[in-house]
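None of these values were measured; they are calculated from a predicted model.
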Amino acid sequence: MHRRTAPRLARILACAAVPVMLVATGCSSDGDSGSKKESAKPTAPTAAPTAKAAKYAKLPEVCKTVDEKTIEKLVPKAEKKEGKALNTSDTNDTASCFWSGLNDADVKDLQFRSLTVSLKRFAADPTLGSGEKRAEAFAGQQVTKATTQDGANAKDAKTEKVDGIGDSASVVSTETKKDDNDFKNQTVVTRTANVVVTVKYSGAGYEGAKSPNADDMKNGAQDVAKEVVGAVAKANQ
């Protein structure tokens with residue numbers, strides 16, 4: 001009896017003397033001679049792509065982004081000093097306001113002016129990128145669009161970069177003709193974080209009156225853009 005059990009006893013004692021790591025492979029019991037396959041580990045789910053949250057979460061009331069004193073200066077005798085809000089499906093993402101007026105204080109110097117302020121807000125999108133990146137692309141499109149003055153046969157289009165308005169800004173100057181009146185147009189497109197501000201300022205002298213000064217109109221459009229950029233920041237405080 002001792003002769004039959006001696007080999008098994010010797011094997012057990014030998015296995016007790018080796019590291020635990022080796023026991024699992026070299027010292028299996030008589031009933032576990034085959035190695036077991038390791039079960040497959042569960043794969044962790046892949047995280048969905050994310051984009052940094054946009055800086056501005058809302059737009060201000062567009063018709064209140066420009067001070068009434070500014071309107072009185074740039075659009076004398078405006079039909080509605082408070083402006084006319086243009087229809088939009090979602091005012092938190094898109095908004096526009098329009099002012100126009102004919103200054104007939106001097107019948108020999110009839111001056112027409114119009115001003116449009118448009119806002120476009122972009123949220124972050126996992127597939128399209130950050131709000132800032134999307135806004136930057138849209139601003140470029142707006143600059144290109146302004147060179148044709150929305151298809152109104154614009155001529156002498158000039159584009160220049162300007163500093164001190166939002167994160168980046170451009171001014172597009174054009175001339176157009178409508179009803180035998182020569183219009184001077186200034187469009188400022190500026191991006192402030194994830195919001196694009198587009199200011200269109202146009203003017204003409206009616207019935208032979210002198211055309212407005214292009215530089216004065218350019219300065220006026222830039223002043224409006226600065227006010228609007230400030231209004232966007234204030235609305236998100």
Side-chain angles (χ1 to χ4, degrees), residues 62-89 94-120 138-162 165-166 169-191 196-229 231:
V62 62
C63 289
K64 294 183 178 180
T65 59
V66 185
D67 189 271
E68 283 195 5
K69 291 183 178 180
T70 302
I71 298 300
E72 290 177 359
K73 176 182 177 181
L74 300 183
V75 191
K77 293 195 173 182
E79 294 179 8
K80 296 180 67 175
K81 287 184 180 181
E82 66 275 18
K84 179 183 179 182
L86 305 181
N87 292 331
T88 180
S89 58
T94 306
S96 295
C97 192
F98 176 74
W99 294 264
S100 66
L102 177 64
N103 186 358
D104 57 359
D106 183 350
V107 294
K108 294 183 179 180
D109 188 24
L110 300 177
Q111 292 292 325
F112 174 82
R113 300 288 187 274
S114 68
L115 175 69
T116 304
V117 171
S118 299
L119 305 174
K120 180 71 174 177
F138 181 76
Q141 296 171 6
Q142 289 293 90
V143 170
T144 300
K145 185 178 180 180
T147 60
T148 64
Q149 197 62 22
D150 298 332
N153 298 319
K155 62 180 182 178
D156 297 332
K158 297 177 183 178
T159 304
E160 61 181 296
K161 296 283 188 179
V162 292
I165 310 176
S170 296
V171 179
V172 180
S173 305
T174 63
E175 296 181 9
T176 53
K177 197 175 188 68
K178 183 179 180 181
D179 298 330
D180 293 328
N181 295 306
D182 295 319
F183 281 78
K184 297 289 180 66
N185 314 292
Q186 300 291 341
T187 302
V188 179
V189 179
T190 181
R191 178 185 68 82
V196 176
V197 175
T198 304
V199 175
K200 297 180 181 179
Y201 185 37
S202 298
Y206 281 1
E207 297 184 6
K210 186 178 180 180
S211 296
N213 182 276
D215 287 337
D216 289 344
M217 297 197 66
K218 183 187 297 183
N219 293 334
Q222 292 183 69
D223 288 343
V224 171
K226 291 177 182 177
E227 286 190 31
V228 179
V229 167

Point to revise | Non-hydrogen side-chain atoms of Q222 and V171 separated by less than 4.5 Å | key: yes
From [atom1] ([X]) to [atom2] ([Y]), nearest 0.5 Å:
| X | Y | atom1 | atom2 | result |
| --- | --- | --- | --- | --- |
| E79 | W99 | CD | CH2 | 13.5 Å |
| L119 | S96 | CG | OG | 7.0 Å |
| S202 | K184 | OG | NZ | 11.5 Å |

Partners meeting salt bridge (Lys or Arg N to Asp or Glu O under 4.0 Å) with [X] (sequence neighbours left out):
| X | result |
| --- | --- |
| R191 | D167 |
| K77 | D104 |
| D182 | K177 |

Just jot down the side-chain contact (heavy atoms from CB on, under 4.5 Å) partners of [X], sequence neighbours excluded, or say none.
| X | value |
| --- | --- |
| T147 | A157, T159, V172 |
| D106 | K108, D109 |
| T198 | S118, Q142, T187, V189, V196, K200 |

Exercise for review: For F138, enumerate each residue passing the ring-ring contact (aromatic ring centres under 6.0 Å, His included) test, keeping only those at least two apart in sequence or located in another chain.
Suggested key: F122
Point to revise | Sequence neighbours excluded, every pair satisfying side chain to side chain donor-acceptor pair (under 3.5 Å) that has a member inside residues 205-218 | key: E160-K218
Holding to side chain to side chain donor-acceptor pair (under 3.5 Å), I want the full list of residues that pass it with [X], two or more places apart in sequence or in another chain.
| X | value |
| --- | --- |
| K120 | T94 |
| S173 | Q186 |
| S170 | none |

Please report, to 0.1 Å, the donor-acceptor pairs under 3.5 Å made by any side chain of residues 63-75, with sequence neighbours excluded.
unit_1 : atom_1 : unit_2 : atom_2 : d
T65    : OG1    : V62    : O      : 2.7
D67    : OD1    : K69    : N      : 2.8
T70    : OG1    : E227   : OE2    : 2.5
E72    : OE2    : K81    : NZ     : 3.0

If you compare all heavy atoms of [X] against all heavy atoms of [Y], which two are closest, and at what distance to 0.1 Å?
| X | Y | answer |
| --- | --- | --- |
| P212 | A204 | CD-CA, 3.8 Å |
| C97 | A85 | SG-N, 4.2 Å |
| F98 | S114 | CE1-CB, 3.9 Å |

Practice item. Without swapping roles, check the side chain of T144 against the backbone of G140 for a donor-acceptor pair under 3.5 Å. Key: yes
Exercise for review: Could you tell me whether a side-chain N or O of T174 sits under 3.5 Å from a main-chain N or O of A154, the two making a donor and an acceptor?
Suggested key: no
